[in-house]
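Here the structure is laid out as structure tokens; the discussion comes afterwards.
Note that these values count all heavy atoms, side chains included, but never hydrogens, waters or copies made by symmetry.
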Amino acid sequence: MQRYLIGFVIVCLGCLSATAQGQDNQPNHKQQDQIDALIKRINDLEDANKQHAEEIATLKATIAELSAGKKETPEDEALKAELEKALGGGQGQPSAPATGAPGQLKLIDVSYDILTTAGWSTADQTLLGQLQGGDHDPKDRGFNIRNLEFSLNGAVDPYFNAEMHTVFKLGPDGGTETEVEEAFLTTTSLPNSMEIKSGQYFTQFGRLNARHPHAWNFVDAPVITSRLLGGDGLRNPGVQLSYLTPFHWYSEFILGTQNAGGGTAASFLGSDGPAGTPTIDRQVRSLGDMLYTARWFNSWELSDEKTVNLGFSSAFGPNNTGPTNRTQLYGTDLYYKWKPRVNDHGFPFLAIQAEAMSRTFQAGGVTTSRQDLKDWGWYSEFNYGYQRNWVAGLRFDYADANGDNSADPLRARRWRVSPALTWYPSEFSRIRLQYNYDQSDFLGMPQHSIWLQYEVGFGAHPAHKF
């Protein structure tokens, strides 16, 4: 049906062109340019199915918000009616419920994402595991399947949305590991531009921590994020409040509290103790033994082609090296993107992303003298989409710590350079080639690794934040 409609449009345009030429013996170049532009737009729409699916999901969310009892302007009401007609009218799609009618809206998206990586390294099995600190990083010579993500997300009712992301991984012994990466609900109708998230979720610390591996620009996690936030990222059950300020630029404050224990809170009660510091079995006794986080995120449009984001993050909580010992994390992140107004499906573009982090870890005081262990580091990455579906990337990593740490893989001075080349055969697949040059005080000589990663995603995955 769509092809017949497109053909009909093209024929009509041709008829208009012929009529115009009949009225004027000289060719109307302006009209022909308009026809060519319309035909190109039709072709672009056919080629952008996935992008439009994500846009439709966003529009559906907008309908849900407008239907949840918010104060609507006449423009909002007109937009709501237009969106309902476009998304639900005559196509068998569910429309948004009437205001104040909970339980009528039930939209759900199902998706699956497969990341497979093959490669080789000069590092042996043990050393490679130390170099690849992220839990989803390739850790074996040969083939690695460290991220098979099954996702469900949708609107529960006009008041709540829900998401669940379950990840399957193949371990070095061939066994399958399963983890509930995220499972949370978010409110949709709180006043004063506020939103509450509750459940198991990635902490809003920095730019990369809350992003799933298939949304990364490189095969593996940066060195400093895996050291300070843990190999599996900083995440735990908890509750989070976000507030969109009325400033004249986009500015959002996010406050949260989560459990401080478990392997996904590496710098807190889930820590094994840096530098071999002995640990104790520390119990949660009060609210002071919880993990508290804060983030301030800002975004400015410098022009129609340039955008810059700036964020500040912090996290505070107990660690298990002493009955009163605590950990402090601080971070700042910067993101810049240039994309010309005239582009081919988003290409060309230039994106620059960087994060810097520091940690103060109070250690000891029970069987050893108490000391403050300080760690810090940064990464910066550059991604240039030089032509449609092709992106060249380059990432620099650096991490260091105080004290005598030259023999500790988790605290020794280290730097890494990683060039990468990514090809997107379509919006649903990706092939990435990456090389790592690693140097550290705990290494006898530089190590070299090369990885080839292939991703396939199918289903309607929720759109990621810009």
Regarding T264 and N236, do their side chains bring together a donor and an acceptor under 3.5 Å, going by distance alone? yes
Tell me every residue that passes side-chain hydrogen bond (donor to acceptor under 3.5 Å, both in side chains) with S380, counting only those two or more places apart in sequence or in another chain. none
Looking only at atom types and distance, does a side-chain atom of T187 sit under 3.5 Å from a main-chain N or O of L190, one as donor and one as acceptor? no
Under 3.5 Å: donor-acceptor pair, side chain of D157, backbone of Y159: yes
So that I know where these two stand, are Y384 and F382 an aromatic pair - ring centroids less than 6.0 Å apart? no
Take D438 and R414 through the test salt bridge (Lys or Arg N to Asp or Glu O under 4.0 Å) and record every step on the way to the result. CA-CA 8 Å; D438 267 293; R414 180 181 171 193; 2.6 Å; yes
Taking only residues two or more places apart in sequence or in another chain, which ones pass side-chain contact (heavy atoms from CB on, under 4.5 Å) with L170? I145, T176
Tell me yes or no: between the side chains of S151 and E149, is some donor less than 3.5 Å from an acceptor? yes
For E179, the salt bridge (Lys or Arg N to Asp or Glu O under 4.0 Å) test, sequence neighbours excluded, returns K169, R235
Does the gap between the ring centers of Y330 and F316 come in under 6.0 Å? yes
Side chain proximity check, Q240 to Q204, heavy atoms < 4.5 angstrom: yes
Look at the side chain of T245 and the backbone N and O of F253, then say whether any donor-acceptor pair between them is shorter than 3.5 Å. no
In plain terms, say whether D375 and R411 are close enough for a salt bridge, that is, a side-chain N and a carboxylate O under 4.0 Å apart. yes
With sequence neighbours excluded, residues passing salt bridge (Lys or Arg N to Asp or Glu O under 4.0 Å) with E455: R430
For W216 and H136, take the angle between the two ring planes, folded into 0 to 90°, and tell me which bin it lands in: parallel under 30, tilted 30 to 60, perpendicular over 60. perpendicular
Might you point out which heavy atoms bring Y379 and L208 nearest each other, and give the distance in Å? OH-CB, 3.8 Å
Spacing of OH belonging to Y250 relative to OG belonging to S299, to within rounding of 0.5 Å: 8.0 Å
With sequence neighbours left out, the residues meeting salt bridge (Lys or Arg N to Asp or Glu O under 4.0 Å) with R413 are D400, D441
Is the positively charged end of K197 above the ring of F184, judged by distance under 6.0 angstrom from the centroid and angle within 45° of the axis? yes
Option among L244, T186, I254 that satisfies the side-chain contact (heavy atoms from CB on, under 4.5 Å) test with E195: T186
Validation row, ring centre F247 to ring centre W249 under 6.0 Å: yes
Kindly state whether the ring of Y437 and the ring of W415 have centres lying under 6.0 angstrom apart. yes
Sequence neighbours left out, what passes salt bridge (Lys or Arg N to Asp or Glu O under 4.0 Å) with R416? Give chain and number order. D220, D397
For the backbone of G231 and the side chain of S226, can you confirm whether one donor and one acceptor N or O come within less than 3.5 Å of each other? no
Compute whether any side-chain donor of one residue and acceptor of the other, for N217 and R395, lie under 3.5 angstrom apart. no
Exam field: side chain S313 to backbone G206, donor-acceptor pair closer than 3.5 Å: yes
